[in-house]
Chemist: 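One structure coming up, written as structure tokens, with questions to follow.
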Amino acid sequence: MQLTLWTYEGPPHVGAMRVATAMRGVHYVLHAPQGDTYADLLFTMIERRGERPPVTYTTFQARDLGGDTAQLFKDAARDAHARFQPQALLVGASCTAELIQDDPGGLAAALNLPVPVIPLELPAYQRKENWGAAETFYQLVRSLVVKPATPRVKGPAPRCNLLGPTALGFRHRDDVREITQLLTRLGIEINVVAPMGATPADLARLTDADFNVVLYPEIAQTAATWLSRTLGQPATKTVPIGVKATREFIAEVSALAGIAPDISAAAADSHSTWYAQSVDANYLTGKRVFVFGDASHAIAAARVAAEEFGFQVVGLGSYSREFGRELRAAAAGYGVEALITDDYLDVEAAITAAAPELVLGTQMERHIAKRLGLPCAVISAPVHVQDFPARYAPQMGFEGANVLFDTWVHPLMMGLEEHLLGMFRGDFEFHEDAAPSHLGRSATPAALPPSAPIAIPAETVAQPASWAPDAEQELRKIPFFVRAKARRNTEAYAMSRALPLITLETLYDAKAHFSK
């Protein structure tokens, strides 16, 4: 176990909460001590949900450990059923309660409640949140889906299930809407969306579909594999993030549905491709980008960055260890080594070493990038309240591609604007005390303040050699999002040649040296 300030994933019972909260007619009874009752905070504050999550805790205290904690759980399960009248009951233990080994599944089964009771064995000290969500969804599907006695008779229109969206998921609400609209335009009916918005009765209807669309493999892949093996339902493999992936997704679902892939009929008016090829975006070509997040979003974002926006991927990583093989294969295509870790300090060190010009990551990387003075856009959970916007902002489909372009490119454009403002701050016409330019020469400009030495934060880099004033002034003209890299390279060059003072000539020589 490692103490940390931040964590990319919570324990697996948080994943179970995400599934239970996303569904209707399901209640989760969690054997947990006082202090583990933070579900309300997660879902009502961060996701801004309008109702409390369907979770009941036993909330035993230290003094209860000398008594019958098993009876506390049975009372909590019985009371939760009587109060909430769920169609199905999930039961499990938090990471702390797991240590007292009360067996919530066996205790709940002994109550003989008149609804399905689904025990969750979630090893809190070996697994994490996304695995817990995937396992919970799989256990629900396996418990509630009954293989029909006779093969399904296909209807006049092909039909599919959308699998994977949960509560507290990154843009899941909008992704479901976007992909539903896309499939409807193709003439494909949506049978069930699950877990989000589904009831236990809806899960029983998963059999009435020709195939499954796996939107989020971290959540739905296990259940989709079981449905394929048990019911013979094939499942999609393409995550439709970006224009190219969306077109591939349309071809894949069309093949599964047995229809002609009519991309023109399905495509919304996507602007991102034209924008990325426009003159305004030309200066973005070759920008160095570091990508980190859950495996599906990170792999998709790296592809969009490299193939659609013309960026150079200098780092690709994920905290999703279960998808390490896929991540390594993707990273190899960009000539980088995959970073698979759940330690944010390792991620920060990798970002610093890669010296990117844009970071695409989670809310952790947003903080890291802020400290390093780098533009950043969030592409993956974990996220905070600002990443659950009131507006429509999908990541998937053609409209999602537009959102990606706006979200990723605007920080770079604002970075250029900020650089220009900073570069001309001392100009006689643009300094802060200058008269408004529309008043012309009749206005009397205020006297320019005396030039002050340029302050470079000491924490940015170590300073093995001192800088001459003219070199400092020239360094300031370099855009701020690559200035730290230029400073490091110049100082490394000066150290390698034992130069005690970095002059303007040293700066130019270092630039020529590292440009070879």
Side-chain angles (χ1 to χ4, degrees), residues 283-292 302 305-306 310-317 331-332 334-341 343-361 364-376 411-412 415-416 418-420 422-423 425-426 451-516:
Y283 88 97
L284 300 175
T285 302
K287 290 294 184 184
R288 297 164 58 85
V289 60
F290 190 101
V291 184
F292 193 89
F311 296 162
Q312 178 188 359
V313 177
V314 296
L316 176 59
Y334 307 110
V336 299
E337 183 178 353
L339 175 65
I340 303 175
T341 181
D343 188 336
Y344 72 94
L345 294 176
D346 292 342
V347 180
E348 182 168 2
I351 292 174
T352 303
E357 295 160 277
L358 175 67
V359 177
L360 303 177
M364 313 288 196
E365 285 65 51
R366 175 163 49 205
H367 290 292
I368 291 169
K370 185 176 181 180
R371 286 202 300 275
L372 297 177
L374 297 171
C376 180
L412 290 173
L416 179 63
E418 185 173 337
H419 164 61
L420 292 174
M423 189 169 69
R425 185 174 290 120
S451 58
I454 299 168
I456 303 293
E459 65 271 15
T460 303
V461 290
Q463 296 188 6
S466 59
W467 285 71
D470 58 346
E472 286 272 20
Q473 185 66 37
E474 189 68 15
L475 180 68
R476 190 181 181 90
K477 295 179 182 179
I478 298 173
F480 73 93
F481 41 83
V482 290
R483 191 178 301 151
K485 179 183 176 183
R487 175 182 279 275
R488 286 195 300 270
N489 286 347
T490 304
E491 291 177 348
Y493 178 84
M495 288 180 65
S496 68
R497 285 158 176 75
L499 301 175
L501 180 67
I502 296 175
T503 64
L504 193 59
E505 183 179 359
T506 308
L507 182 62
Y508 292 149
D509 289 344
K511 178 181 178 182
H513 173 78
F514 287 102
S515 298
K516 293 178 181 178

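Residues: numbered from 1 along the sequence shown. The figures here come from the full heavy-atom set of this structure, side chains too, leaving out hydrogens, waters and symmetry mates. Predicted model, so just to flag it, every value in this text is computed and none were measured.
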Chemist: Thr506 and Ala494: which non-hydrogen atoms are nearest, and at how many Å?
Modeler: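 Heavy atoms only, the tightest pair is CG2-CB, 4.5 Å.
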Chemist: Looking at NZ of Lys485 and CZ of Arg483, how far apart are the two atoms once the value is rounded to the nearest 0.5 Å?
Modeler: 15.0 Å
Chemist: Over all heavy atoms of both residues, which pair between Leu504 and Asp470 is shortest? Give the atoms and the distance, please.
Modeler: CB-OD2, 3.6 Å
Chemist: To the nearest 0.5 angstrom, please state how far the CG atom of Asp509 sits from the CG atom of Leu499.
Modeler: 9.0 Å
Chemist: Quick one: are Tyr334 and Val289 in side-chain contact, heavy atoms under 4.5 Å?
Modeler: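 No, too far: nothing below the 4.5 Å cut-off.
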Chemist: What heavy-atom pair brings Ala486 and Leu475 nearest, and what distance separates the two atoms?
Modeler: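 Minimum heavy-atom separation between Ala486 and Leu475: CB-CD1, 4.2 Å.
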Chemist: Could you check if a side-chain atom of Trp467 sits within less than 4.5 angstrom of a side-chain atom of Arg487, using non-hydrogen atoms only?
Modeler: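 With C-beta onward as the side chain, the pair touches.
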Chemist: Just verifying a value: how many Å separate Thr503 OG1 and Tyr508 OH, rounded to the nearest 0.5 Å?
Modeler: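 Answer for the OG1-OH pair, Thr503 versus Tyr508, is 10.0 Å.
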Chemist: If you look at every heavy atom in Val313 and Ala306, which pair is closest and at what distance?
Modeler: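 Taking every non-hydrogen atom into account, CG2-CB, 4.1 Å.
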Chemist: Could you check if a side-chain atom of Glu365 sits within less than 4.5 angstrom of a side-chain atom of Ile351, using non-hydrogen atoms only?
Modeler: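 Answer yes - side chains close enough.
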Chemist: Rounded to the nearest 0.5 Å, what separation is found between the CG atom of Asp346 and the CZ atom of Phe292?
Modeler: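 Spacing of CG (Asp346) from CZ (Phe292) equals 9.0 Å.
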Chemist: In the structure I gave you, are the side-chain heavy atoms of Ser466 and Leu501 within less than 4.5 Å of one another anywhere?
Modeler: yes
Chemist: Where the side chain of Gln312 meets the backbone of Arg288, is there a donor-acceptor pair that is under 3.5 Å apart?
Modeler: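 No, the answer is negative, given that no donor and acceptor are paired below the 3.5 Å cut-off.
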Chemist: Could you measure the distance from the CG atom of Leu507 to the CD atom of Glu474? Nearest 0.5 Å is fine.
Modeler: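 Reported to 0.5 Å precision, the distance equals 6.5 Å.
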Chemist: Side-chain contact, heavy-atom cut-off 4.5 Å: Phe290 with Leu374?
Modeler: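 Answer no - side chains too far apart.
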Chemist: Are any of the side-chain heavy atoms of Ile368 and Val359 separated by less than 4.5 Å?
Modeler: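 Not touching, per the 4.5 Å side-chain cut-off.
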Chemist: Write down the atom of Ala369, the atom of Pro375, and the distance for their closest heavy-atom approach.
Modeler: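 Ala369 and Pro375 have their closest heavy atoms at CB-O, 4.4 Å.
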Chemist: So, are Arg476 and Glu472 salt-bridged, with charged N and O less than 4.0 Å apart?
Modeler: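 No.
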Chemist: With rounding to the nearest 0.5 angstrom, report the NE2 to OH distance, His513 to Tyr493.
Modeler: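 Going from NE2 on His513 over to OH on Tyr493, the span is 7.0 Å.
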